[in-house]
Amino acid sequence: MGMTLVEKILAAHCDREQVKAGELINVKLDGTLANDITAPVAIREFNKLGVETVFDKNKVFLVPDHFAPNKDIMSAEQAKIMREFAYKHEIVNYFEIGEMGVEHCLLPEKGLVLPGDVIIGADSHTCTYGALGAFATGVGSTDLACGMATGEAWLKVPETIKFVFKGELQPYVTGKDLILHAIGDIGVDGARYCSMEFTGPVIDKLTMDQRFTMANMAIEAGAKCGLFEADDTTLAYVKERAKRDFTVYKADADAEYCHVIEYDVTNLEPVVAYPHLPENTHPVSDGKDIVIDQVVIGSCTNGRLEDLRVAARLLEGNKVNRKVRTIVIPGTQQIYLDAMNEGLVEIFIKAGAIVSTPTCGPCLGGHMGILAKGERAVATTNRNFVGRMGHPESEVYLASPAVAAATAIKGTITDPKEIKPFEEVMK
Amino acid sequence: MKLTGKTWKFGHDIDTDLIIPARYLNTSDPKELAKHCMEDADPTFAGKVSPGEIMIGGKNFGCGSSREHAPIAIKEAGITVVIAESFARIFYRNAINIGLPILESPEAAKEIQERDEVEVDLDKGIIYNKTQDKTYEVPPFPPFIQEIINAGGLVNYVKKKVNANG
């Protein structure tokens, strides 16, 4: 019997010829990740284990990104716990704020995750690395503590839902719209405990940045991971970054899937997820009467260079609506630098947006852009739960960077083609 | 082990932001987290919940973030067991790893009402609703997960393994 992509990767990490969906296995880890919120809890548990140090000081990744630069005394104390642990155990991949970024933008950029890897991270969006053809999944702090100590984790081999995307993408329809469409179709628990495998001619043509966006949101359908087979696009991305060997795995032709779902995306408009669940999706044209107070362009979902580029080109020569507070957050220091060198930062500032140092802050209502009671935001982030960006009676609408930028200009949810033709923006 | 208590009932897709909003995650002190448990779903919950009570959820309970602060807040608030129609994957792992018993039973979770008196026999996998005089059976955990529970959570389980190998 053939194996799916996830079965292939997991079998190789428990030294087995074959594993099957449903089996409980113990895998060897290529990396373990925690941030300034989840690391302190993990360190508390790690210290109970009675081990001298971490399993491999090169394979523990620690990124202070959620409340950093620290927003208050309490978050500073949390970051300090993490920093002291990193120095004590000589963690190579601890990234202080000057070299950091939003963790799921940073790790692929630094070449710390490569095709075929198995990674666990104490952050649910660790599934982002599935874009590289790696098995990566979010876990809690206790799992992470045990992973840091032993270099192993127990996992149930997930069943796989195969998604086949066919047809022609319309202008301004991106990876973000594809994943929102899929979540809208199957629901926020539609892939619970499963691997989502993204395939088809549309996927083959997607850039890495768009694949990261899609894999990132697999958790919003309840999935364990969201995987893409590594192809030439992937290899071109990792070639510059990889400092060690890696293996590309492919699904077998006779692999067994629990479902195969096909979408013809030819008639798909840009998609917006309304409050308060990512499954509550609507075509962008439905939102033209919804007045917006804030736009956030950034996060581990859509804070990459391509995201900033499309937003900037829409904003170029325009001003953000004076009633829309517009916040742009490059995903990493490198993305920030690239955006400066390309002139994107200047465009944002001239348009009346602010540009922040990399942080997860507003995405989870932490800092930098908290909403007041009754306010509405369009965000390129991944969650629109109750209270996600601030007051429990505020609202978050999820959309692509193009829709977010167009909305910032108009003040209501706007199809970017109303601002500029796609061809002009992509030239 | 038998647990008995009155219930608190919540709906579908109770996410980790409802269980413990991120604005309180600048601490990892369980007592501080418990003060804000379920705040955005029911602001009165943390002030009213009594030790030994039971939480009921709908489908996909605990979806969203990996924050272990969520099951920690529930456990520290005094809840002894969570019964739901279904659990999100990371929450399920986290609850087992920290020793918060959770049971998946669509029928029980649907039929139990708020403030019913419920008895749970964890070893036998039986939920008994005293108020309605109804019994539900829950499939047992796989042996491997049972081992983690019996060890008192993942840290104790791994500690034993590490020491045995060391």
Side-chain angles (χ1 to χ4, degrees), chain A residues 24 37-38 40-42 44-46 48-51 66-67 70-78 81 121-126 137-146 149-150 154 156 158 187-189 192-193 219-220 222-224 276-277 363-366 370 383 385-388 390 392, chain B residues 12-18 21-30 32-33 39-41 43 59-61 63-72 85-99 142-145 147-148 153-163 165-166:
Chain A
L24 287 165
I37 288 180
T38 57
V41 180
R44 188 163 72 202
E45 298 307 309
F46 180 90
K48 292 178 190 166
L49 284 166
V51 293
H66 279 60
F67 294 156
N70 300 137
K71 65 161 183 147
D72 55 23
I73 295 168
M74 282 164 77
S75 64
E77 299 289 345
Q78 298 294 298
I81 293 170
D123 188 279
S124 62
H125 294 106
T126 301
T137 197
V139 296
S141 293
T142 296
D143 266 320
L144 202 270
C146 295
T150 64
W154 70 269
K156 189 157 122 182
V188 290
D189 67 344
R192 220 165 44 94
Y193 292 84
I219 178 68
E220 309 314 331
K224 188 169 201 155
H276 288 290
L277 283 176
C363 173
L364 76 166
I370 305 302
R383 291 200 171 122
F385 298 156
V386 170
R388 179 70 182 178
Chain B
H12 296 315
D13 303 310
I14 292 295
D15 61 67
T16 48
D17 284 87
L18 290 174
R23 57 186 179 273
Y24 302 119
L25 298 186
N26 55 1
T27 176
S28 53
D29 177 3
E32 286 301 314
L33 297 173
E39 189 167 291
D40 288 353
K59 67 179 176 64
N60 203 25
F61 187 92
C63 61
S65 165
S66 70
R67 64 187 74 152
E68 204 161 284
H69 312 66
I72 290 173
E85 288 180 42
S86 63
F87 290 94
R89 188 188 68 79
I90 305 175
F91 183 90
Y92 183 93
R93 271 188 93 102
N94 286 348
I96 287 168
N97 285 345
I98 69 158
F144 173 72
I145 292 177
E147 268 183 69
I148 295 176
L154 188 68
V155 162
N156 285 336
Y157 175 81
V158 170
K159 199 172 170 180
K160 276 185 200 159
K161 255 180 44 174
V162 170
N163 291 341
N165 294 342

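When reading the values below, keep in mind they use all heavy atoms of this one structure, side chains included, and skip hydrogens, waters and symmetry mates. Predicted, not measured: the structure shown is a model, and the values here were computed from it. So that the names make sense, note that chain A is the first sequence line, chain B the second, and so on, each numbered from 1.
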Given that the side chain runs from C-beta out, which part of [X] has a heavy atom under 4.5 Å from chain B: side chain, backbone, both or neither?
| X | answer |
| --- | --- |
| A:Leu277 | side chain |
| A:Val51 | side chain |
| A:Thr142 | both |
| A:Ile219 | side chain |
| A:Glu45 | both |
| A:Tyr193 | both |
| A:Asp72 | side chain |

Under a 4.5 Å cut-off applied to non-hydrogen side-chain atoms, are [X] and [Y] in contact?
| X | Y | value |
| --- | --- | --- |
| A:Leu24 | B:Pro142 | yes |
| B:Ile72 | A:Val41 | yes |
| B:Asp15 | A:Arg388 | no |

Exercise. Search all heavy atoms of B:Asn26 against all heavy atoms of A:Gln78 and return the closest pair with its distance.
Key: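 Nearest pair, atom of B:Asn26 first, then A:Gln78: O-CG, 3.3 Å.
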
Exercise. Can you tell which part of B:Ile98 gets under 4.5 Å to a heavy atom of chain A, answering side chain, backbone, both or neither?
Key: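 Only the side chain of B:Ile98 comes within 4.5 Å of chain A.
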
Quiz item: When you check the gap from the basic side-chain N to the acidic O, do A:Arg383 and B:Asp17 get nearer than 4.0 Å?
Solution: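 No, this pair does not count.
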
Practice problem: Evaluate the side-chain contact (heavy atoms from CB on, under 4.5 Å) criterion for residues A:Trp154 and B:Arg93: first the C-alpha distance (whole Å), next the side-chain angles of each, then the deciding distance (0.1 Å), finally the verdict. | Solution: CA-CA 10 Å; A:Trp154 70 269; B:Arg93 271 188 93 102; 3.5 Å; yes

Quiz item: Judged by atom type as modelled, is there a donor-acceptor pair below 3.5 Å linking the side chain of A:Asp189 to the main-chain atoms of B:Asn60?
Solution: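 Between the backbone of B:Asn60 and the side chain of A:Asp189 there is no qualifying donor-acceptor contact (under 3.5 Å).
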
Quiz item: Got a donor-acceptor contact below 3.5 angstrom from the A:Arg44 side chain to the B:Ser28 backbone?
Solution: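 Yes; judged by distance alone, with no hydrogens or angles, the pair exists.
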
